[in-house]
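Scroll down for the structure; my scribbles are underneath it.
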Amino acid sequence: MEVFWKNGYEGASITDLTAAMGINSPSLYAAFGCKEALFREAVAYYNETEGVDAVKALRELPTAKDAIGGFLRQNALFYTTPDKPSGCMIVLTATTYTEQSRAVHAHLAEWRIATEHDFRERIERGIAEGDVPAGADAATIAAFYSAVNQGMAIQARDDADRSKLSAVAESAISAWDGLVG
């Protein structure tokens, strides 16, 4: 997972992957069939183990503003965790692709779109529960916060530190009233 996270799909060689896993190429192919299948397993594992605090905040905090704010704050921390690749594997590993890796790009795009969809659902829940005004454009607000989240991941990869990402998260949260209003 970390080889893909650090090097991207295209940049992760079979040699790098087998060395990280402590196996040889025939064992990798026997277990996964191909690099793309291994990558999909790595993405699934990433989603089960990394960034879970952000997802928990999005689902469990009492208001939509708190939930999205909590998500961004957690990712400001997560994207800059020492001893892990910086940024978000889902955002960073297939933003560029070749014709041969188009399916990988599409797979990751589905995950990125799912996060935006989760934001939208949380905002719509806020509308239903009364903590977001009825006329708020949930789709646009979700797209905005998704763009902020993805931008934070890219900035982390460009060596932005935790305080910079936290400031970005707080700035985005402070825009909430104008966005929903």
Margin query: Among residues at least two apart in sequence or on other chains, which ones pass side-chain contact (heavy atoms from CB on, under 4.5 Å) with Thr98?
Written below: Glu10, Gln100, Ser101

Notebook entry, point to check: Taking all atoms of both residues into account, what is the closest heavy-atom pair of Thr63 and Arg122, and its distance?
Noted result: C-NH2, 3.1 Å

Checklist line | From Glu2 atom CD to Asp16 atom CG, the distance as rounded to the nearest 0.5 Å | finding: 13.5 Å

Next item on the list: Take Trp5 and Cys88 through the side-chain contact (heavy atoms from CB on, under 4.5 Å) test and state the conclusion after the steps.
Entry: CA-CA 8 Å; Trp5 189 354; Cys88 172; 5.7 Å; no

Margin query: Taking ring-ring contact (aromatic ring centres under 6.0 Å, His included) as the definition, give me every residue that meets it alongside Phe144, ordered by chain and number, with sequence neighbours left out.
Written below: none

Next item on the list: Identify, with sequence neighbours excluded, every residue that meets side-chain contact (heavy atoms from CB on, under 4.5 Å) alongside Ala106.
Entry: none

Margin query: Please enumerate all residues that pass ring-ring contact (aromatic ring centres under 6.0 Å, His included) together with Tyr145, with sequence neighbours excluded.
Written below: Trp176

Notebook entry, point to check: side-chain contact (heavy atoms from CB on, under 4.5 Å) with Glu170: which residues, sequence neighbours excluded?
Noted result: Arg73, Ile173

Check: If you group Ile, Leu, Val, Met, Phe, Trp and Tyr whenever their side-chain heavy atoms sit less than 4.5 Å apart, what else falls in with Ile154?
Finding: Val91, Leu92

Checklist line | Any Phe39 side-chain heavy atom under 4.5 Å of Val104 side chain | finding: yes

Notebook entry, point to check: Does Ala167 offer a backbone N or O that forms a donor-acceptor pair with the side chain of Ser171 under 3.5 Å?
Noted result: yes

Notebook entry, point to check: Counting distance only, does the side-chain N/O of Ser166 pair as donor-acceptor with the main-chain N or O of Arg162 below 3.5 Å?
Noted result: yes

Notebook entry, point to check: Quick check: does any side chain N or O of Ser86 sit under 3.5 Å from a backbone N or O of Ala156, one acting as donor and the other as acceptor?
Noted result: yes

Item checked: Partner residues of His117 under the ring-ring contact (aromatic ring centres under 6.0 Å, His included) criterion, sequence neighbours left out -> none

Checklist line | Co-members of Leu77 in a cluster of I, L, V, M, F, W and Y side chains, linked at under 4.5 Å | finding: none

Notebook entry, point to check: Could you give the distance from CD (Gln155) to OH (Tyr79), rounded to the nearest 0.5 Å?
Noted result: 11.5 Å

Note to self: According to side-chain contact (heavy atoms from CB on, under 4.5 Å), who are the partners of Ala42, at least two apart in sequence or on a separate chain?
What the structure shows: Met1, Phe4, Met89

Check: Under the ring-ring contact (aromatic ring centres under 6.0 Å, His included) test, which residues partner Phe32, sequence neighbours left out?
Finding: none

Item checked: Whether over 12 other heavy atoms sit under 6.0 Å from Lys35 NZ -> yes

Notebook entry, point to check: Any idea which heavy atoms bring Glu116 and Ala139 closest together, and the distance?
Noted result: OE2-O, 4.4 Å

Item checked: Rounded distance [0.5 Å steps], CG in Leu28 versus OG1 in Thr15 -> 10.5 Å

Next item on the list: Output all residues satisfying salt bridge (charged side-chain N to carboxylate O under 4.0 Å, His left out) with Arg59, sequence neighbours left out; order by chain, then residue number.
Entry: none

Check: Would a distance-only check, ignoring hydrogens and angles, find a side-chain to backbone donor-acceptor pair under 3.5 Å from Asp161 to Lys164?
Finding: yes

Checklist line | Within residues 128-148 or reaching into it, pairs that qualify as salt bridge (charged side-chain N to carboxylate O under 4.0 Å, His left out) - sequence neighbours excluded | finding: Arg125-Glu129

